[in-house]
Undergrad: 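Would you mind keeping the following structure in view while I ask a few things?
Each chain gets a letter, A, B and so on, in the order its sequence line appears, and its residues count up from 1.
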Protein chains: 2
Amino acid sequence: MTDTAPRPTLEAVAARAGVSRATVSRVVNGGDGVRDILAERVRKAVDELGYVPNQAARSLVTRRHDAIAVVVAEPETRVFADPFFALQLRGISKELTAHDNQLVLLLTEGRDDHARVGRYLAGGHVDGALVFSLHLDDPLPELIQRAGVPTVFGGRPGWSGDRRDVVYVDSDNRGGARDAVRHLAGLGRTRIAHITGALDQTSAADRLDGYRDVMVDADPLLIAEADFTPAGGERAMRELLGRCPDVDAVFAANDLMASGALRVLRESGRRVPGDVAVIGFDDMRPVAEQTDPQLTTVRQDIEEMGRLMARLLLRGLDRGAPREGVGATPSSVVLPTTLVRRGSA
Amino acid sequence: MTDTAPRPTLEAVAARAGVSRATVSRVVNGGDGVRDILAERVRKAVDELGYVPNQAARSLVTRRHDAIAVVVAEPETRVFADPFFALQLRGISKELTAHDNQLVLLLTEGRDDHARVGRYLAGGHVDGALVFSLHLDDPLPELIQRAGVPTVFGGRPGWSGDRRDVVYVDSDNRGGARDAVRHLAGLGRTRIAHITGALDQTSAADRLDGYRDVMVDADPLLIAEADFTPAGGERAMRELLGRCPDVDAVFAANDLMASGALRVLRESGRRVPGDVAVIGFDDMRPVAEQTDPQLTTVRQDIEEMGRLMARLLLRGLDRGAPREGVGATPSSVVLPTTLVRRGSA
DNA sequence: ACGGCTCGCGAGAGCGCTCTCACCCCACGG
DNA sequence: CCGTGGGGTGAGAGCGCTCTCGCGAGCCGT
């Protein structure tokens with residue numbers, strides 16, 4: 001736990017290179033309009049002294065921070081139960097790093113945290129925000145929008161219908177669900193059930209819509225509402241079995257619930273996929289590949305979602321790749337999903 | 001994507017309250033030595049104007065940032081395969097938030113990233129660092145130590161033997177392993193095998209040591225080296241079955257491998273725990289509770305580890321709870337583990 | 001050959017804050 | 001009554017950087 005040594009300033013570098021501060025500054029920031037001879041001398045001085053620009057001083061005048069906040073609202077522990085979040089974060093990190101931006105992580109839990117986050121963002125400490133909010137009634141998105149910070153959302157926010165200036169990145173939950181159900185239908189299944197996720201989350205609602213797209217006038221008894229947890233999946237499967245013993249396929253809104261359903265089916269003596277075919281969603285490998293049989297599921301490219309969020313935000317900030325729709329307010333993106341066939345359907 | 005409005009400065013608040021900048025500053029930062037009348041007036045002006053201090057300007061003079069870097073070195077994707085990291089992060093976040101520090105996340109991948117991180121830390125943008133590094137030969141810890149930034153490590157770094165000024169937080173891998181193996185022995189098992197993790201990670205090495213503590217002069221054939229992955233666990237279990245068909249218990253260095261082992265055991269016709277008892281490590285719920293039978297495993301309080309790391313670091317920075325060993329260079333902490341009994345042993 | 005031009009560089013102001021220091025005013029002791 | 005002290009307050013100097021501006025030196029055109 002050593003103390004930091006006094007660091008060299010621009011001034012020091014200037015003195016050593018025999019030029020003015022302004023010139024050093026120019027070289028450090030791209031170096032246009034400086035003769036090569038001088039630029040070289042400055043660069044030499046810079047690394048002889050081990051000069052690193054003081055970001056605080058720089059921000060003070062530029063009003064830029066080259067930092068992006070990532071806000072994760074997780075009233076429940078759910079976000080942390082799966083690698084989802086970590087993967088998105090990784091995608092985000094890669095993209096930010098590529099553009100020399102820092103990632104400031106804001107994890108929230110409960111109401112007072114909302115206020116804190118709002119204050120932080122409004123405080124202008126970061127140039128933009130990437131926000132993950134799961135629930136329809138979450139006040140956070142509104143709060144952030146009001147803070148006036150450029151923002152991109154992860155997953156479609158519940159109220160995006162009213163406000164068209166909301167930018168988000170989502171995967172094609174509805175389309176993916178359709179693919180899953182169609183696949184089951186293609187297998188000749190006719191009594192296809194659906195175990196929903198927590199319906200106060202748009203992803204769950206969209207997946208349900210996708211199911212309905214294919215199962216027009218589906219028997220309502222074939223739809224069991226659950227909550228994305230394995231236990232919820234078990235409970236829902238039991239219900240389903242109780243009221244529709246003739247069910248021959250199940251599309252669960254995520255892999256965790258599918259794994260629960262699988263367990264219940266086995267208990268009840270059904271064979272998978274022989275008697276009942278099962279499809280999940282997410283392609284959470286540690287779960288999907290550990291079940292017996294392995295889970296057929298809908299994959300989304302989670303890391304890419306993260307990367308895209310960051311790219312969209314930076315682009316909106318007039319950073320990011322130049323000459324590529326610079327400055328144009330970016331619009332939302334919905335990423336495609338793919339069906340991964342394994343043993344369960 | 002609105003642009004940020006011009007924010008009020010200290011000056012503006014001072015003018016409105018009819019006092020000097022200095023007085024406003026005093027009030028904003030604790031407000032000692034200011035008459036209540038004035039302080040009140042200042043506070044009123046502050047929230048009428050919605051004043052938020054400019055952190056950059058403040059840092060420029062105080063040389064504090066109230067920001068901590070969290071560095072996650074993950075050459076492999078492993079860190080992201082389990083919720084481990086997310087939970088630690090959450091613990092860290094809670095503690096930092098409680099002390100008004102920001103969390104700057106640095107994810108690294110490969111050599112060039114190391115240089116980047118080194119530069120960033122040496123650049124004095126943060127007050128300290130929390131570092132997760134998995135592998136013995138990782139150059140990152142050295143690099144960081146050299147950057148002169150106060151640091152606390154997550155998990156015992158490989159070379160901590162030589163340098164006593166290294167502070168880390170780890171769980172009691174060795175003790176936990178001992179408990180697991182003793183439990184198996186207590187069940188009357190005598191041919192207890194061990195599937196190791198990647199032995200270039202201290203956690204794997206320590207768990208192996210714990211196994212050996214109990215199984216003094218264990219049959220070397222009972223030890224199969226693997227890599228913390230499910231596939232590795234399967235392979236190792238097959239080996240084990242091949243060379244020691246009489247094996248009656250397995251302690252796997254993590255849950256993922258245990259789940260792989262379980263699958264192989266089932267294939268081979270062994271019953272668990274009847275014929276072979278199995279214990280994992282980590283208590284990764286999504287895995288441990290999804291296996292059949294559910295996994296008996298060694299739990300570590302991951303979130304608490306994170307919280308502790310942050311607390312240790314802040315304390316070393318003379319922040320954190322006052323009157324509690326202030327300024328004393330903190331020393332490493334090893335957290336206890338507990339055995340969680342489920343179906344597999 | 002001369003006026004204008006561009007280009008490269010340095011001087012200097014100022015970003016918003018903290019913190020030292022000097023000042024003022026009032027209470028008190030001699 | 002004046003001197004002394006101390007607490008409350010304001011003036012002002014920076015923190016390290018960027019960026020505008022102006023100046024001098026070379027280049028072109030006519």
Undergrad: Rounded to the nearest Å, what distance is computed from the NE2 atom of residue B:His125 to the P atom of nucleotide D:dC17?
TA: 11 Å
Undergrad: So, using ring pair (Phe, Tyr, Trp, His ring centres under 6.0 Å) as the criterion, who are the partners of B:Phe132 when residues are at least two apart?
TA: none
Undergrad: When you measure from every atom of DNA chain C, which of residues 47-55 of chain B have a heavy atom less than 4.0 Å away?
TA: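 Correct list: B:Tyr51, B:Pro53, B:Asn54.
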Undergrad: At 4.0 Å (heavy atoms only), tell me whether B:Arg63 reaches a base, stays on the sugar-phosphate, or touches nothing.
TA: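 The answer is sugar-phosphate, as B:Arg63 gets under 4.0 Å only of primed atoms, P, OP1 or OP2.
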Undergrad: Between the side-chain atoms of A:Arg26 and the base atoms of D:dT18, is any donor-acceptor pair under 3.5 Å?
TA: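 No, no donor-acceptor pair under 3.5 Å.
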Undergrad: Whole Å only: how far is the CG atom of B:Asp32 from the P atom of D:dG7?
TA: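 Distance check: B:Asp32 CG to D:dG7 P gives 13 Å.
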Undergrad: Roughly how far, to the nearest 0.5 Å, is the CZ atom of A:Arg41 from the CG atom of A:Asp36?
TA: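 Separation between the atoms: 12.5 Å.
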Undergrad: Could you walk me through whether B:Val126 and B:Tyr120 pass the side chain to side chain contact (heavy atoms under 4.5 Å, CB included) test, one step at a time?
TA: CA-CA 9 Å; B:Val126 292; B:Tyr120 182 75; 3.9 Å; yes
Undergrad: Which nucleotide sits closest to the side chain of B:Ala22: C:dC17, D:dT18, D:dA11?
TA: D:dA11
Undergrad: Measuring from atom CD of A:Glu95 to atom CG of A:Leu130, what distance do you get when rounded to the nearest 0.5 angstrom?
TA: 10.5 Å
Undergrad: Are side-chain N/O atoms of A:Arg58 and A:Asn29 paired as donor and acceptor at under 3.5 Å?
TA: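 Per modelled atom types, A:Arg58 and A:Asn29 side chains form a pair under 3.5 Å.
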Undergrad: Strictly below 4.0 Å, N to O, side chains only: are B:Glu303 and B:Arg307 in salt-bridge contact?
TA: yes
Undergrad: I need the CG-P distance between A:Leu10 and D:dC19, as an integer number of Å.
TA: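 Distance, rounded to whole Å: 12 Å.
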Undergrad: Can you give me the closest heavy-atom contact between B:Leu312 and B:Ser331, atom names plus distance?
TA: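 Looking at all heavy atoms of both residues, the closest pair is CD2-O, 3.8 Å.
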Undergrad: Is any N or O donor-acceptor pair between the side chain of B:Arg35 and the base of D:dT9 shorter than 3.5 Å?
TA: no
Undergrad: Flag the pair A:Lys44 and A:Glu48 as a salt bridge only when some basic side-chain nitrogen lies within less than 4.0 angstrom of an acidic carboxylate oxygen.
TA: yes
Undergrad: Where the side chain of A:Ser20 is concerned, which of C:dC19, C:dA11, C:dC17 is the nearest nucleotide?
TA: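 Nearest listed nucleotide: C:dA11.
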Undergrad: Through what angle, rounded to 10 degrees, does the axis of the helix from C:dA1-D:dT30 to C:dG30-D:dC1 turn between its ends, using five pairs per end?
TA: 40°
Undergrad: Nearest to the side chain of B:Val34, which nucleotide is it out of D:dG16, D:dC19, D:dT9?
TA: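 The closest nucleotide is D:dT9.
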Undergrad: By nearest nucleotide on DNA chain D, pick out whichever of A:Arg21 and B:Gly18 is the more 5' one.
TA: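 Here B:Gly18 is the residue nearer the 5' end.
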Undergrad: Applying the side-chain contact (heavy atoms from CB on, under 4.5 Å) test to A:Ile68, which of A:Leu96, A:Val149, A:Val152, A:Ile92 qualifies?
TA: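 With A:Ile68 as partner, side-chain contact (heavy atoms from CB on, under 4.5 Å) holds for just one option, A:Leu96.
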